[in-house]
Amino acid sequence: MFQRLFINHPQSVQETYLQHLAFAAGFSVLLLAAGFAAMIHAIIPALFETTASRIIAKLYHRTHNRGAEGSA
């Protein structure tokens with residue numbers, strides 16, 4: 001059970017548990033920032049016009065190039 005909960009997935013993306021924790025925590029902080037920017041933009045359209053979409057594009061790039069970044 002421990003292996004399935006904490007080890008299998010990080011290994012599947014070639015990371016240790018702590019590396020995966022750092023990546024996922026950073027990802028969640030950026031998602032929260034994007035959500036906050038989108039909410040402020042909804043209320044005041046002149047603010048944060050492209051912030052949420054830029055953050056989402058950055059996250060997409062990070063998740064789809066995870067192995068490539070460390071192997072340069």
Side-chain angles (χ1 to χ4, degrees):
M1 180 66 127
F2 178 84
Q3 179 84 15
R4 185 176 65 80
L5 290 174
F6 296 101
I7 306 298
N8 290 350
H9 175 65
Q11 282 182 346
S12 75
V13 292
Q14 289 79 48
E15 293 176 343
T16 66
Y17 172 79
L18 292 177
Q19 288 171 324
H20 189 272
L21 173 68
F23 182 88
F27 195 95
S28 70
V29 168
L30 286 173
L31 281 175
L32 287 169
F36 179 76
M39 180 57 72
I40 298 301
H41 175 71
I43 297 166
I44 307 170
L47 298 179
F48 303 113
E49 293 180 37
T50 62
T51 303
S53 59
R54 279 188 295 112
I55 291 171
I56 297 302
K58 179 180 184 176
L59 292 173
Y60 177 86
H61 176 77
R62 281 188 184 177
T63 57
H64 287 80
N65 295 296
R66 277 173 98 165
E69 291 175 357
S71 63

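- Of all heavy-atom pairs between His9 and Ser12, the closest is O-OG, 2.6 Å.
- Residues Ile7 and Leu21 are members of one and the same hydrophobic cluster, defined by side-chain heavy-atom contacts under 4.5 angstrom among Ile, Leu, Val, Met, Phe, Trp and Tyr.
- Looking at every heavy atom in both residues, Gln19 comes nearest to Gln14 through OE1-O, 4.4 Å.
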Exercise. Show your working on side-chain contact (heavy atoms from CB on, under 4.5 Å) between Thr63 and Phe23 and close with a plain yes or no.
Key: CA-CA 10 Å; Thr63 57; Phe23 182 88; 4.1 Å; yes
Exercise. Check the pair Arg62 / Phe27 against side-chain contact (heavy atoms from CB on, under 4.5 Å), numbers first and verdict last.
Key: CA-CA 9 Å; Arg62 281 188 184 177; Phe27 195 95; 5.7 Å; no
Self-check item: Steps toward side-chain contact (heavy atoms from CB on, under 4.5 Å) verdict (His20, Val13)
Solution: CA-CA 8 Å; His20 189 272; Val13 292; 4.0 Å; yes
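- Criterion: ILVMFWY side-chain heavy atoms under 4.5 Å apart, direct or through other members. Under it, Leu31 and Tyr60 are not part of a common hydrophobic cluster.
- Between the CZ atom of Phe48 and the CD1 atom of Ile43 there is a distance of 11.0 Å, given to the nearest 0.5 Å.
- Here the straight-line distance linking atom OH of Tyr17 with atom CD of Glu15 works out to 12.5 Å at 0.5 Å rounding.
- The minimum heavy-atom distance between Ser28 and Ala25, with the atom names listed, is OG-O, 2.8 Å.
- Expressed to the nearest 0.5 Å, how far OG1 of Thr50 lies from CD1 of Ile55 amounts to 9.5 Å.
- The two residues Ala52 and Ala38 make their nearest non-hydrogen contact at CB-CB, 4.1 Å.
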